[in-house]
Amino acid sequence: MEQLRIRFLLNGEEVEAGVAPVENLVQALRRCFHLYGGRESCGQGICGTCTVIVNGRAVSGCLYLAVLAEGTEVVTVEGLSAGGRLHPVQEAFISCSAFQCGFCTPGMILMSTQLLEENPDPTDQQIRHYLSGNLCRCGAYPEILQAVKTAAQALASQK
Amino acid sequence: MPRQAGRSLRRLESHAKVTGTVEYVHNLELPGMLHGKIFRSTVPHARLARVDVAAARTAPGVEQVITGQDVLSIIPDPYYGPAFHDQPILALEKVRFAGEPVAIVLAADPYAAQAALDLIEVEYEELPAVYNEVEAALKGAPLVHDKLRPGSMFADLIHVRPRSGSNVHVDYRVRRGDVEEAFRASERVFEDTFHTPAVAAAPLEPIVTVAEPGGSGPLTIHSATQNPSFVRGELARLLGWPENRVRVRTAFLGGGFGGKQYIKLEALAAASTLLAQRPVKISLTMDEQFVTITRHASTIRMKTGVSADGRILARECEIWWNGGAYADIGPRVTQKAGFTSAGPYDIENVSIDSYAVYTNLPPAGALRGFGVPQVNWAHETQGDRIARELGMDPLEFRLKNLLRNGRPQASGTILQDSGTEEVTKEVASAMRWAEPLDCGTGTTRRGRGVALAIKAGVTPTTSVAIVTLAGDGSCTVYAGTVDVGQGSQTVLAQIAAEGLALRAEEVRVIHPDTDATPYDMGSVGSRSTFHMGLAIQGATEQVSRQLIEMAAPVLGADAADLELYDGSVVARGRGDAEISFRELMATRFGKNTGTLVGSGSFTASYDTPDPDTGQSDDVAVFWMIGAVGAEVTVDTETGKVMVQRLVNVADVGKAINPLLVSTQLSGGALLQFGYAMSEEMRFEEGQLVNSGLAQYKIPTMLDMPKSVEVVLVEVPHRNGPLGAKGMGETGTLAVSAAIGNAVFDALGVQVKELPLTPERVLRAIRAGAGRPLED
Ligand code: FES
Ligand code: FES
């Protein structure tokens, strides 16, 4: 595989990797950094299981070429709980049992985190809308909705 | 210390799931591993005139290309499957559906493997093909298989009678009473034909298997499978090896829903690794999952005779199951969904014919409910038509005909320990059925509906468990149950903890690994809590007995006065004389050494049904009984249905973990909600035209009903662990019909074909108004 060197900030640390031109960001994160929180499922930008944050925006890692990460700041679900402390959104996903198989969970958590940064007090409809690009085949949607509201409260009380 | 059964304990692996560190086979990478990419047939039915892989073999980075002929060198009879041994590992003389694996390319770089697929050339001599299940069952239809290959792995399937010279490979029947006579005596006779399309399980972790050749050790298969023991047995059979030379292990599964049942990629991965002598990973894309396994499309003809006062006197069901090109577990679907196809009703005269039919479409198998959601759609939809035409309330009609404990089901097996009355009562109260509903005005109509469900727990099956205590007193459970997301590791830990008076959090349940975990039939058909729960109870009883025997002399007490409490053996009524498990282990083995071992097993009973009448005294290990209520609004200009409330009532026997039970019920309901509202695999001339999630729409959070509610009913099962019965499918069975009945209530017109897309609903509205839409 032809390798291109890229450097970027990964969960707060400067890193370097050799990636193939065809490789997408989820695959590169797995192969080079053993980060498995991002997962490729649909491979078409539909399901959101591959969600990672690039320069503060959630992207579908399956459609984001790894080479484009050059010079960016990338955050994955593993970076949310840096220092061993869970992020309030992660805490809320546990307390609300907002998953079954857990395959969609990192994507859901990253997307929820971004939602709450933009809108700290979303309505049910806003949550449904914002998370509609993240699929959960186990049908944990009611619990996920609850988790986002619970996290919103927790974050509000931290301030 | 709280009782462990009945605790709403959160999944024990929660932390790993929210940090993304949980183990899936999807993540597995092994040193020296090759990636396998599958070349698939582009035509639905053809003789393979030539398979030319020469160019692919020399492509850059390619290690090996394997065809069906190559597989023969290590597996001379390469046909697999749980019910029939009919599916070749790679196509041999012919291909039977578009998407069938023909060759596999192995390369260290998955992109190289993928690129080499373009270099494979196949010449097809096309054959006439057949796609519709009713047409395929007719005499003279093109034959998908010239020769039938029945299997032998499951006791309940040994008795299915294969039929040769036809695409109908299983022909299952129930005969009870005299339907013809009863139809003559009926005041009204209703006859309808219902359809359900093929749909996809589409777990978000696509089907994946990693195989290692093993050298002098066992062939090792890491697989996202719901049936590790079955996979081991099937691979051993294919290879002609003893089972102990095959090791199958799993991790957490990223969903399954039946799509990862029995054997999927494992035989191909095993053949690939043995030929390449390197580890091989085959990880399907989402699109490939769609042509790997589907839920049976079905056509169901239902004829029902009723008396003037609304008693069902006779019901005749004829069901054609579109099995696709290979039987997979279709024969069990045909049989199990067949015998409950008359619904949870007390009917004296029943006639059921259920046909498993081969077609040139991707194979169909189990998908949360083993065919019951399809037959439920038929009997519950027709039920509302009958009630309406008789001027009866649909709930009253159901209550009048309800199958109650002590009465025979259509198979002749007596219903027992089942909450048919309770779930009906609960759904009525949750839906506030006695109060009138505002039906809406203008172009927005409201309606509500209910549907009842019955499914038989599959029998006879076996689970075996081992429970150990280590020298420090900690407990490990060795169970072959696969945690597909349902939370089995947590619930089984609770059952073991209950038996040994520990906290569930202290118990470790290991993932299935056939080198360590004993036989289990599989995580299918809602059977794990019941069967594995009983096996674990047997194992903890053995451990508990040993602990008490060891403690009696140490505490100077009678064994009869000893009990386990919070990690210790305690003498009742003797002050606080007690000894911890750890200390007790030390008295027997020495400090921090030794292992106490207990084992248990459970095999359910079964009375083989009479092949001509389907009658049996014992055909269900337990009954799954549920009721669903739905409230909808329909836009009469667009046909768009919005589900406002979805109420799921299930008899779970005893909720060992009410939290997990409730979420599994609502999750099952939401899966079915997709099949009710939007999901439909569309084929044109045998080609799937909407594979993958871009074109095949599964529900998003935006689509989900406004309110999703769950009501638990607990009618204890006499044999169940702590009274529990299976419930993994209960919440899914009656969802489509309940929504359909609500639409009927709102519009006064019925749709008999799923899913309830705006187009289909609008066509029904317009046809009902005498202004049908053009095609
Ligand atoms: S895998 Fe990227 S959106 Fe589905
Ligand atoms: S928890 Fe399984 S897909 Fe969401």
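Every chain is numbered from 1, with letters handed out A, B, ... down the list of sequences. Just so you know, these numbers use all the heavy atoms, side chains as well, and skip hydrogens, waters and symmetry mates.
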Worksheet entry | Per-residue contact mode, B:Leu659 against chain A (heavy atom under 4.5 angstrom) | side chain
Response to the item:
Honestly, the part of B:Ala200 sitting under 4.5 Å from a heavy atom of chain A is backbone
Item to complete: Return the option, out of B:Ala694, B:Gly61, B:Gly255, with the maximum number of heavy-atom pairs under 4.5 Å with chain A.
Response: B:Ala694
Response to the item:
Interatomic distance, CD@A:Gln100 vs OG@B:Ser666, rounded to 0.5 Å, equals 7.0 Å
Worksheet item: Considering only heavy atoms from C-beta outward, does the side chain of B:Met286 approach that of A:Glu40 to under 4.5 Å?
Response: no
Practice prompt. Please look at B:Glu29 and chain A and tell me whether the side chain, the backbone, both or neither of the residue comes under 4.5 angstrom of a heavy atom of that chain.
Written response: side chain
Worksheet item: Do side-chain atoms of B:Tyr24 reach the backbone of A:Tyr36 as a donor and acceptor pair under 3.5 angstrom?
Response: no
Worksheet entry | Closest approach of B:Gly254 to A:Cys101 (non-hydrogen atoms, all atoms of both residues) | C-SG, 3.5 Å
Worksheet item: Side chain, backbone, both or neither: which part of A:Ile109 has an atom under 4.5 Å from a heavy atom of chain B?
Response: side chain
Worksheet item: Side chains of A:Cys138 and B:Thr663: closer than 4.5 Å at any heavy-atom pair?
Response: no
Discussion item. Counting C-beta onward and ignoring hydrogens, is there a side-chain heavy-atom pair between B:His26 and A:Arg30 closer than 4.5 Å?
Written reply: yes
Response to the item:
Here the gap from B:Thr21 atom OG1 to A:His34 atom NE2, rounded to the nearest 0.5 Å, amounts to 15.0 Å
Worksheet item: Under a 4.5 Å heavy-atom cutoff, which of B:Glu13, B:Gln486, B:Glu679 has the most pairs with chain A?
Response: B:Glu679
Worksheet item: Which of the residues B:Ser283, B:Ala201, B:Ser707 is involved in the greatest number of heavy-atom pairs with chain A at under 4.5 angstrom?
Response: B:Ala201
Discussion item. I'd like to verify something: which residue of B:Asp483, B:Val708, B:Ile698 has the highest number of heavy-atom pairs under 4.5 Å with chain A?
Written reply: B:Ile698
Worksheet item: Does CD in A:Glu118 sit with more than 12 non-hydrogen atoms of other residues, nucleotides or ligands closer than 6.0 Å?
Response: yes
Item to complete: Answer whether the closest heavy-atom distance between the side chains of B:Ser14 and A:Phe99 falls below 4.5 Å.
Response: yes
Discussion item. So for B:Phe673, is it side chain, backbone, both, or neither that comes closer than 4.5 Å to the heavy atoms of chain A?
Written reply: neither
Practice prompt. Mind ranking A:Gly37, A:Ser97, A:Pro106 by heavy-atom pairs under 4.5 Å with chain B and telling me who comes out on top?
Written response: A:Ser97
Worksheet item: Has the side chain of B:Lys17 got a donor or acceptor atom that lies under 3.5 Å from a matching backbone atom of A:Ile94?
Response: no
Worksheet item: When rounded to the nearest 0.5 angstrom, what distance separates CE in B:Met701 from CE in A:Met108?
Response: 5.5 Å
Item to complete: Measure across B:Leu670 and A:Pro142 and return the closest heavy-atom pair with its distance rounded to 0.1 Å.
Response: CD1-CD, 3.6 Å
Worksheet item: Taking the side chain as C-beta and beyond, is there a heavy-atom pair between A:Arg128 and B:Met704 under 4.5 Å?
Response: yes
Worksheet, complete the sentence: Max heavy-atom pairs within cutoff under 4.5 Å with chain A, candidates B:Ala202, B:Pro203, B:Gly674, goes to B:Ala202
Item to complete: Report yes if the side chains of A:Arg137 and B:Pro699 come closer than 4.5 Å at any heavy-atom pair, otherwise no.
Response: yes
Worksheet item: Does atom CD of A:Glu14 have more than 12 heavy-atom neighbours from other groups under 6.0 Å away?
Response: no
Item to complete: Would you mind checking which part of B:Asp287 comes under 4.5 Å of any heavy atom in chain A, side chain (CB onward), backbone (N, CA, C, O), both or neither?
Response: side chain
Worksheet item: If you count heavy-atom pairs under 4.5 Å between each of A:Leu135, A:Leu145, A:Ile127, A:Val77 and chain B, which one has the most?
Response: A:Leu135
Worksheet entry | A:Ser41 versus B:Pro206, closest heavy-atom pair with distance | O-CG, 4.1 Å
Worksheet item: What residue in A:Gly102, A:Gly45, A:Gly107, A:Cys104 has the most heavy-atom pairs under 4.5 Å with chain B?
Response: A:Gly102
Worksheet entry | For the student: nearest non-hydrogen atoms of B:Val18 and A:Gln90, plus distance | O-NE2, 2.9 Å
Worksheet entry | Flag if over 12 foreign heavy atoms under 6.0 Å of CZ, A:Arg85 | no
Worksheet entry | Region of A:Cys47 in contact with chain B, defined by heavy-atom distances below 4.5 Å | side chain
Worksheet entry | N/O donor-acceptor pair under 3.5 Å between B:Arg10 side chain and A:Ser95 backbone | yes
Item to complete: Can you tell which part of A:Leu86 gets under 4.5 Å to a heavy atom of chain B, answering side chain, backbone, both or neither?
Response: side chain
Worksheet item: Which bit of B:Gln664 comes within less than 4.5 Å of chain A, counting heavy atoms only: side chain, backbone, both or neither?
Response: both
Worksheet entry | Pick from B:Leu284, B:Asp703, B:Leu660, B:Thr19 with the largest number of heavy-atom pairs that fall under 4.5 Å of chain A | B:Thr19
Worksheet item: What distance separates B:Leu253 CG from A:Phe103 CZ, expressed to the nearest 0.5 Å?
Response: 10.0 Å
Worksheet entry | Contact class of B:Val484 relative to chain A, heavy atoms under 4.5 angstrom | backbone
